[in-house]
Structures are given as structure tokens and as C-alpha cells.
Undergrad: 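Could you have a look at this structure, given as C-alpha cells, before my questions?
The sequence lines fix the lettering, A, B, ..., with proteins before strands; numbering per chain opens at 1. FYI, side chains are in, hydrogens and waters are out, and symmetry mates aren't considered; it's all heavy atoms of this structure.
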Amino acid sequence: MFFRRWNFGWDRFSEVDIFTDRHDTSAETLSQAIRAAASEEPDADGSVPFGHLQGTVVGLRYYTGVVNQGEMVGLVRQPQNPYDRNAVMVANIYGNQVGHIKRELAAAMAHIMDNNLAKVEGVVYSGTKNKFNMPVTLSFWGREENKNAVVENMARRGFKLNTSTSRPTGANEMSYNSIQRKKGLTIPLTAAELKNAFDNLFEGLVESDDGEKEAADSVATPLLPHQRQALSWMCARENKSTLPPFWEKRGELYYNTLTCFSAKEIPERVRGGILADDMGLGKTLTTIALILTNFHNGKPLPVERCEEERASPVKANTKPKMASKPAGSSSAGDGAGVSDAAAGSVCSDLPQTEVICVDTPDIVEITSQSEKSASKGKTKATKRKPSKAAPVLLDDLDFAAALGGSASDAAPKKKKTANKANPTPSVESLYLQRADDLSARATLIICPLSVLSNWLEQLEQHVRADVKLNVYLYYGSERNRSQKFLSSQDVVITTYNVLSADFGNKSPLHGISWLRVVLDEGHIIRNPNALMSKAVLDLKASRRWILSGTPIQNSVKDLWMLLAFLRLKPFDVREWWNRVIQRPATQGDRAGLQNLQTLVKCITLRRTKSSEANGRPLVSLPEKNVSVEQVELSQQEREEYELARSEGRNTIGRYVAEGTVLRNYADVLAILMRLRQHCCHPDLLAKTSSSDLGAAATPAELRERLIEKLRSVLASGSDEECSVCLESVNLPVITHCAHVYCRPCIAQVISTEKEIARCPLCRSEIKASELVEFPQEEMEEEKSTNAERWRASSKVQALMGNLLRQQSEDSSIKSLVVSQFTRFLTILETPLREHGFTFVRLDGTMTQKRRTQVIQEFQSSSADGPVVMLLSLKAGGVGLNLTAASRVFLMDPAWNPATEEQCIDRCHRLGQKRNVVVTKFIVKDSVEENMVKIQRQKQDLVEKAFGSTNSDRKTSRIDDIKALMEL
DNA sequence: ACCGCCGGGTGCC
DNA sequence: ACCGCCGGGTGCC
């Protein structure tokens with residue numbers, strides 16, 4: 001249990017502390033804490049208003065937090081308060097305490113808040129002249145089923161909730177309502193409009209006013225226009241001093257127009273943002289250019305130059321690769337900074353003249369300047385205002401101005417011009433160098449393991465050969481953990497996994513003040529409860545970037561994590577994000593959605609492959625030609641298929657009639673999968689024939705069948721998701737009712753239930769001891785398909801026909817042969833070998849090292865290199881660069897057309913020189929054709945709709961299944 | 001805090 | 001003088 005001392009030094013403690021530990025301090029038991037954490041998500045989304053009431057905030061004079069008229073406040077339980085264990089603290093957006101809720105009301109609220117029956121939110125609508133207390137409007141939110149309990153509980157203690165519909169929702173509700181009424185916009189968005197709006201959230205985010213910027217000399221590759229534009233935008237985001245969105249200067253104060261919070265201090269700006277360009281537009285190159293181009297004060301990164309003639313014989317060694325290997329020499333690790341870190345390189349033998357290091361004159365100047373401003377800032381921050389009568393309720397500034405009270409420049413009409421014309425003190429000058437730690441040099445890049453090698457390659461490729469950029473790959477057990485060493489690098493690259501493994505274990509990465517932290521594929525930090533996310537949020541950096549081709553994957557919720565990483569005040573605190581953006585937006589409030597769009601627009605640059613700049617496409621990729629080749633089954637195959645189909649149809653038809661599709665979901669999937677396997681090759685079915693319904697005879701048999709089903713579900717390659725976390729299953733286990741979940745997810749469900757745990761999908765009773773795992777050794781026996789017994793199939797012949805024809809036309813063309821079934825890939829190896837095709841294989845079971853090796857082999861242009869890559873659809877994930885191929889054969893259709901697109905994009909991307917030809921093999925009159933039909937429907941509707949609940953998705957899947965089986 | 005509450009001083013008008 | 005009234009001290013939770 002965390003004990004918090006409520007001493008007097010706490011008015012400056014960070015707002016994150018207050019809210020993130022909320023459950024720790026309020027929950028009495030662990031199970032309560034788990035329940036609280038587990039229920040946090042649904043609460044935020046599915047909460048309904050219970051009502052509101054007027055309360056009183058007392059004790060204002062003891063605290064420094066001030067509140068504007070109309071400002072939102074946070075309510076935090078303080079169970080450890082020595083005077084009253086029911087205490088409820090009131091804090092403003094910055095987490096500065098304003099006061100407490102009056103005792104009797106707090107006593108009533110404590111019970112409700114502690115049991116998570118409702119979330120209580122406060123807004124201070126009307127002011128008071130009084131320095132000691134003020135009214136606050138408290139609104140209660142929660143799950144529908146808790147509403148009556150909450151209302152009654154409050155009533156019993158003498159607090160009647162006003163349940164009328166004119167609920168106050170946010171600080172500016174009054175003004176929004178009046179604006180909306182005038183414009184006639186009170187009707188909330190329909191679900192379809194909402195979905196569309198979310199879908200398009202990241203569309204058309206092209207910031208064109210920044211112009212273009214040339215990269216520093218040290219960048220070897222000339223940037224394309226859109227990359228120069230991105231570089232310019234990124235530099236501006238790092239250097240320019242504009243107020244964050246929704247903040248404006250009013251008189252002497254900085255005012256947040258959404259929460260009505262204001263502060264004397266300038267709100268911390270966001271140095272960085274989201275580069276959300278489509279895959280293939282060169283986010284990596286642009287980021288490398290940013291690193292080299294924008295050091296402190298917009299100057300290029302001071303990098304050591306090797307003299308051409310001396311360096312050239314060993315040029316390769318001085319390049320990133322050299323530095324990237326773990327520096328074994330202890331002198332480099334523990335040495336004193338830049339020059340020692342370079343000790344291993346050839347360059348250190350050169351006269352020091354070319355070495356630009358930290359103590360060049362102009363940098364010294366900057367440093368001293370920063371010290372000045374830093375100390376100035378410090379005194380400002382620590383010096384308490386002598387007039388301790390701080391807690392005055394500030395009247396609305398416009399209101400004050402209208403009364404003729406204060407500064408005329410706050411008058412509404414003049415406000416805008418006054419801000420522009422009056423340069424003293426400009427926002428720009430106020431920022432000074434405050435946020436930038438000028439001693440910071442290194443950029444930390446965090447990426448998924450799958451793209452790690454890509455970063456190293458691209459650094460090698462895009463950094464000039466005579467520039468010695470210190471790049472360190474922080475990976476592997478031998479990694480150098482010296483902070484001194486790491487912080488003296490120019491670039492440190494690591495993976496999310498390494499970062500979270502280090503986290504909490506005196507992580508050197510967390511002890512360093514980075515110049516810049518870059519999250520590559522940043523959308524993968526999405527779950528705020530994940531250790532990885534926490535590890536990422538805990539990094540110290542003055543500039544923060546997220547690179548992601550798909551910043552939103554499922555819902556607006558995903559955005560929060562990104563904003564929290566960027567530290568976009570005040571939305572980095574979940575409560576304010578929920579109250580001000582997420583809830584209004586998901587409930588169809590137009591103003592809320594508008595705010596969300598503004599927010600995204602301010603921090604994001606996104607161009608798609610089809611975007612244009614000045615009427616010309618950003619990148620001219622070679623053409624892509626997608627065609628479907630129908631495959632006719634042989635008579636024997638057709639007979640076998642029809643037999644399986646009618647069997648399956650009967651079974652599924654029975655489930656549909658009984659309404660037990662969900663209960664038998666795994667079976668249904670297995671049937672579908674078998675049909676899909678029939679379409680590819682009969683041998684794929686060998687393993688999965690025996691299982692049928694019926695009472696299990698022995699536990700061993702049951703177990704065998706469950707494993708069988710689990711294997712079917714997994715082997716199908718369909719993007720089976722865990723119904724608890726809604727992501728692809730991780731550490732899959734199958735329940736006795738044959739539903740597949742991630743082990744941690746279902747384990748949590750079981751441990752949270754008090755008495756009997758039930759399957760989230762079919763409500764059958766489940767036990768932790770009955771979860772069945774996929775046995776490890778299963779993977780091995782798959783290889784047993786022997787060559788003698790090998791036979792062809794129509795689809796195999798179709799592929800081979802294409803490959804042979806192509807080889808005779810142009811033998812230099814390389815192909816990707818893609819299937820969801822890794823066993824199908826194995827089957828395909830035989831005819832490929834037979835016809836003398838050299839090939840490599842890439843699937844999910846391979847180690848990263850092997851993958852890199854295979855990709856390199858495939859990408860190399862050597863004459864006897866592989867011409868075919870057998871690729872499992874889900875392998876590798878995004879970012880894979882397979883531009884050596886210009887021909888793609890999709891052997892079987894995927895549930896999700898986006899997966900296919902992504903796969904095609906691995907070769908149809910920047911760097912592709914040839915036209916790309918894609919062939920999709922679809923068996924005529926089969927489940928595959930139906931899958932394609934469903935894909936088409938989905939492209940209109942766009943799968944993974946926002947706001948759709950888990951059960952909605954399952955229902956739509958049932959509909960899909962019916963369509964597939966033509967029921 | 002232009003309140004409420006507490007507790008000591010005080011006690012016709 | 002076991003009350004009322006006055007006026008100073010005081011005040012979140």
C-alpha cells in the first residue's frame with residue numbers, strides 16, 4: 001500500500017501522482033484495486049450521467065490552487081487524511097490543491113468513490129467573493145446499473161441528485177450550448193457520422209505553411225519535397241514557440257479555453273508530435289535528417305568528420321555500424337564523454353581540429369545563457385508570492401475587462417490585435433530555452449524488434465560516409481549500461497521490450513536526459529496499463545516524437561497514450577482527456593469532436609501515398625496491378641470440398657438455429673478453416689479431421705480435442721482476437737467451452753470473479769486449472785510432410801504455372817508467395833525445388849536474427865540469389881522492406897483486406913523500381929469467393945468501427961459466417 | 001467570514 | 001446567572 005504524506009510541500013507535486021495512484025490509495029484490498037483497474041476502461045466509455053448537485057469547496061485559504069469561473073476541477077479521495085478518512089480533495093488541472101469538499105458531502109461521496117460506483121467530476125460555475133469556500137457543481141457518472149444505488153445512497157445522506165437532463169457536462173457547456181443553439185447544431189452526431197469523423201481524424205493533415213527545409217550536409221540522401229516539408233515541420237515543432245492547442249494568453253495569464261484553467265506560468269509546450277505519414281513515405285529518413293539537422297538552437301548536430309583520404313580505406317568502420325556494435329572496451333564505456341566514446345574509432349587518431357565537441361565557443365555561450373535562464377526560472381518557481389491571499393477566485397477576464405476593471409488589452413475586441421501587435425513579452429521570448437536541456441545530445445529511438453535492423457541499415461545508407469555518427473544499439477545481454485556512455489552517443493536505438501525489461505531495474509535509459517525520444521511504430525504503445533507504456537512515459541526528454549503509419553487502430557482511446565507521451569497538457573492526465581475530449585467526442589458531441597480534430601491537427605503531420613503537394617503526387621510509385629485469378633478445383637478436389645461443405649453447413653446451420661454460434665465459435669472457425677484449407681491443398685487437412693462434436697469420453701480425449709481446436713484456430717492465420725483485450729491473442733489458451741483467449745486476460749477474468757468464473761463469450765463456467773495450452777512440441781511434427789507422398793493441388797499448379805511463365809519472360813523478377821497457412825508454404829517448397837527456383841522463407845516462427853538474414857539475402861541483387869520468398873501473411877509485421885520483389889502471389893484470401901494491403905505494400909513502397917503485379921488466387925465457387933464478397937462489404941463499412949462494442953463485432957461475425965456458408 | 005460556533009465576560013436602563 | 005446578551009477569537013479535511 002502506498003502511504004502518502006500530505007505535507008506542505010505538496011502543492012507542486014505532479015498531477016500524474018494524484019491521478020495515477022488514485023486506485024492505490026482508495027482501494028482497501030488488492031481485489032478491489034484489480035476490479036477498479038479492470039473497470040476503468042468500460043467506465044470511461046459506457047458511463048451515463050447520474051445527476052448533479054451543488055456542493056461546497058472549503059479550506060481555500062490553505063492552498064495555492066486557484067480556479068477560474070467555469071473551470072473544471074478534479075476530485076480525489078484522500079483516505080489517509082489524518083482528520084477525516086472520508087476526505088475528498090479538490091484540485092485544478094495542474095494538480096494544485098484548491099481545497100476540500102465539505103465534510104458531510106465528502107462522507108457521502110467517499111463511499112461511492114471508493115467502491116467505484118460513480119465517477120464524480122467538479123466544475124466551478126459561479127464564483128464567490130468569499131476567500132474561504134466556494135460552490136462547486138458535482139456531476140456523477142457511472143454504469144447504468146449503479147445509477148439507482150448511487151442516487152439512493154446520496155439521498156439517504158441528505159444529498160439529492162438533480163437528475164434533470166440539463167446536465168452540466170463541461171466547463172464551457174453554457175457557452176457551447178448557446179453557440180450550438182444559435183447555429184442549430186444541438187443534434188448530436190449519428191453513429192455513422194461519428195464513425196466517419198473518427199475514421200477521417202487523420203486525413204488531410206498536411207501542414208503546408210512551414211515550407212521546406214534542406215537537410216544538413218551530413219545527410220547523404222537528397223530529401224524528396226514532401227520529406228523536406230516534414231523536416232521543416234518537425235524542426236518548427238521542436239524550435240518554434242507556439243502555445244499548445246487551446247491555450248491563449250489573456251492579460252498576464254495563460255488560459256486554457258477548454259478547461260478554463262489559467263496559470264501565470266506559460267504552459268509547457270510540446271516539442272515534438274506525431275509524424276503519421278503512410279508507410280513508405282520515408283518517416284525513417286526524415287527522422288534521421290531531423291537528428292542531423294536540428295540540434296540545439298536549430299543548428300546541425302555537431303558530428304565528427306573524417307578527412308576523406310585518411311578515412312576512406314576504413315570508411316566502413318567509421319560508419320554507424322562500427323559504433324553500433326557493443327563497445328567492449330571499458331575505456332569507451334566509462335570514459336569521459338564524446339571524445340572517449342570515439343576512442344575506438346579511427347577518427348580519434350586524427351588531429352582534433354575537425355572534432356566539434358561540446359565546448360566550442362558558441363555552445364558555451366548557449367550553455368551559460370541557459371544557466372541564466374534556468375536559474376531565473378528557478379527563483380521564479382520557488383519564490384512564494386508574499387501575498388498569501390493567493391486563493392482568490394479569479395473572475396472571468398473578459399468580464400473583468402468589461403467592467404472596466406483591468407487591462408484594456410483584455411477587452412474582447414482588441415484582444416486579437418493586441419496580442420499580435422504587442423510584442424512584449426512575446427510567447428516566443430518567454431519560452432527561452434526552458435524546456436531544452438542543452439547538455440542533452442543523444443536521441444533515443446525505440447522500435448519494435450522487427451524494424452530494428454531497418455534503422456541500422458537506413459542510418460548506414462543515409463548518413464554521409466565521412467561523418468562519424470555515434471550510434472549505439474542498446475540490445476542484447478552485453479549491452480553497455482553506462483549512462484555516461486549512452487548519453488554521449490548521437491543515437492541510441494533500442495526496442496520496446498528491452499526498455500520495459502530495464503524499467504524499474506535501475507534502467508540507464510531512464511536516468512538519462514535525452515535530447516529527443518522517438519517512438520517508432522508508436523501506435524503499439526496503446527494500452528496504458530502495459531509495462532511498456534509506463535516505461536515509455538517515464539523517459540526524460542526535451543523533445544518527443546511518435547512515428548506511426550496508423551496512429552489510431554481501434555478507437556479514439558488509443559490517442560490518449562500518444563498525447564500522454566507527448567505531455568500535451570492537460571490531456572496527459574487521463575481525467576481531463578476523458579472529460580474534455582474522449583467522452584464528449586464518443587457521445588457525439590460536435591464541439592467535442594471539433595476539439596479532438598483541432599488537437600490532432602496541431603500535433604500531427606500525415607500524408608498518404610495518394611496525397612498531393614502543389615498538385616503533384618508526393619511520391620511517384622510504380623504502378624500496382626491487382627488481379628484475381630480464379631482457380632478451378634479438380635473433380636476429386638471438388639468432391640472432397642463439397643462433402644466437407646455440406647457437413648459444415650449442417651453443423652453451423654444447427655448452431656444458428658439454436659442460437660449457439662458463439663458458444664461453438666471455435667468449432668465454427670474450425671469448419672471454415674477446413675474449407676479454406678481444402679481450397680489450398682488437401683494435405684493441409686491431415687491433422688484436423690478427427691474432431692467432431694459430442695460428449696467427451698475421457699479427460700485426455702477432451703484435452704486432445706481442445707488442443708486440436710486451438711491449433712485450428714491459430715493455424716488458420718485468421719486474425720483471431722482475444723475477446724478480453726480485443727487484440728490478437730498472445731499466449732493463447734483454450735477454455736473447455738472452446739473459446740480462445742490470451743492467458744493473462746482470461747486469468748485476470750477468473751481471478752476477479754469471486755465465486756464462479758464464467759467464459760466472457762458463452763457464460764459457461766471456467767476454471768483456471770482447465771485452461772489448455774498449445775503444447776510446445778506440436779510445432780515440430782508439422783515438418784513430417786515427406787516428398788514421396790507429395791501431391792499437387794489446383795492452386796499449387798496455378799502458382800507454378802505463373803512462376804514458370806514469368807521465369808521464361810524475365811528471370812530477374814522476384815516474387816513474394818504469401819499464404820496464411822505456414823504448412824501450405826511448406827508444401828510449396830517441394831515444387832519450387834523441383835523446378836529449380838531458389839527461394840527463402842519468412843514466417844513467424846523464425847528468430848529475428850534469421851529474419852534479418854533472410855531479408856538481406858532476398859534483397860541482395862546477386863545473380864544466384866533467391867527469386868521467390870515464401871512469406872507467411874502475418875510474419876514480420878509492418879515496416880518490412882521487400883522491394884526486391886515486384887510480383888506478389890496471394891495464395892488465399894484473408895479475413896481482413898488491410899492485412900493483404902499491408903503485405904502488398906512491403907514491396908509496393910518507396911524504393912520499388914518496377915511495376916508491381918499482384919495475383920490473388922481464389923477458388924471458384926468456394927468459401928474463398930464468399931470471403932472476398934465480405935471483404936468488399938467491409939471496405940465500405942471499414943472494419944473495426946469506432947464505438948462498436950465487443951458483442952457488436954461478434955454479431956457481425958455471426959452474420960459473416962452465415963454469408964460464408966450461404967445460410 | 002458582512003457568517004456560525006465556541007467560550008469567557010458580564011448582567012436594569 | 002442552572003439563563004440571555006455582547007464581543008473577541010477563530011475557522012477545511
Undergrad: With both distances under 3.5 angstrom, what nucleotide forms a Watson-Crick or G-U wobble pair with dC2(C)?
TA: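 Pairing partner, where one exists within any strand: none, as none qualifies.
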Undergrad: Answer yes if the side chains of Asn133(A) and Thr56(A) hold a donor-acceptor pair under 3.5 Å, and no otherwise.
TA: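 Judged by distance alone, the side chains do not pair up.
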Undergrad: Quote, to the nearest angstrom, the C1' distance that separates dC2(B) from dC13(C).
TA: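 So the two C1' atoms sit 26 Å from each other.
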Undergrad: Can you measure Arg61(A) atom CZ to dC13(C) atom C1' for me and round it to whole angstrom units?
TA: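 Whole-Å distance recorded here is 13 Å.
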Undergrad: Grab the CG-P distance between Leu60(A) and dC12(C) for me, whole Å please.
TA: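 In whole Å, dC12(C) P and Leu60(A) CG are 11 Å from each other.
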Undergrad: Rounded to the nearest Å, what distance is computed from the CG atom of residue Asn81(A) to the C1' atom of nucleotide dC13(C)?
TA: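 So the CG-C1' distance, Asn81(A) to dC13(C), works out to 5 Å.
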Undergrad: List the atom pairs, donor and acceptor, that lie under 3.5 Å between side-chain atoms in residues 101-111 of chain A and the rest of the protein, sequence neighbours left out.
TA:
| unit_1 | atom_1 | unit_2 | atom_2 | d |
| --- | --- | --- | --- | --- |
| Arg103(A) | NH2 | Tyr83(A) | O | 3.1 |
| His111(A) | ND1 | Asn153(A) | ND2 | 3.2 |
| His111(A) | NE2 | Asn115(A) | ND2 | 3.4 |

Undergrad: Has Phe132(A) got its ring stacked on dA1(B), by the test of a centre gap below 5.5 Å and a plane angle below 30°?
TA: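 Whether judged by distance or by angle, Phe132(A) passes, so it stacks on the base of dA1(B).
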Undergrad: Grab the CG-C1' distance between Leu75(A) and dC12(C) for me, whole Å please.
TA: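 Rounded to the whole Å, the gap is 15 Å.
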Undergrad: Could you give the CZ-to-P distance, from Arg77(A) to dC12(C), as a whole number of Å?
TA: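 Whole-Å distance recorded here is 19 Å.
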Undergrad: Taking only the side-chain nitrogens and oxygens of Arg85(A), find out if one of them lies under 4.0 Å from OP1 or OP2 of dC13(C).
TA: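 No, Arg85(A) has no side-chain N/O under 4.0 Å of OP1/OP2 on dC13(C).
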Undergrad: How would you list, by chain and number, every residue that makes a salt bridge (Lys or Arg N to Asp or Glu O under 4.0 Å) with Arg85(A), sequence neighbours excluded?
TA: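 Listed in chain order: nothing, the list is empty.
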Undergrad: Roughly how many Å is it from CG in Asn133(A) to C1' in dC12(C), rounded to a whole number?
TA: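 From Asn133(A) CG to dC12(C) C1': 10 Å.
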Undergrad: Taking dC5(B) as the reference, what is the distance to dA1(B) when you measure between their C1' atoms (whole Å, please)?
TA: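 It comes out at 12 Å once rounded to the nearest Å.
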Undergrad: Nearest whole angstrom, please: distance from the P of dG11(C) to the NE2 of His100(A).
TA: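 Whole-Å distance recorded here is 17 Å.
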Undergrad: Rounded to the nearest angstrom, tell me the gap between atom OH in Tyr62(A) and atom C1' in dC13(C).
TA: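 Interatomic distance, OH of Tyr62(A) to C1' of dC13(C): 10 Å.
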Undergrad: Flag this pair as yes if the NZ/CZ of Arg61(A) is under 6.0 angstrom from the six-membered ring centre of Phe132(A) and inside a 45 degree cone about the axis; otherwise no.
TA: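 That pair does not qualify as a cation-pi contact.
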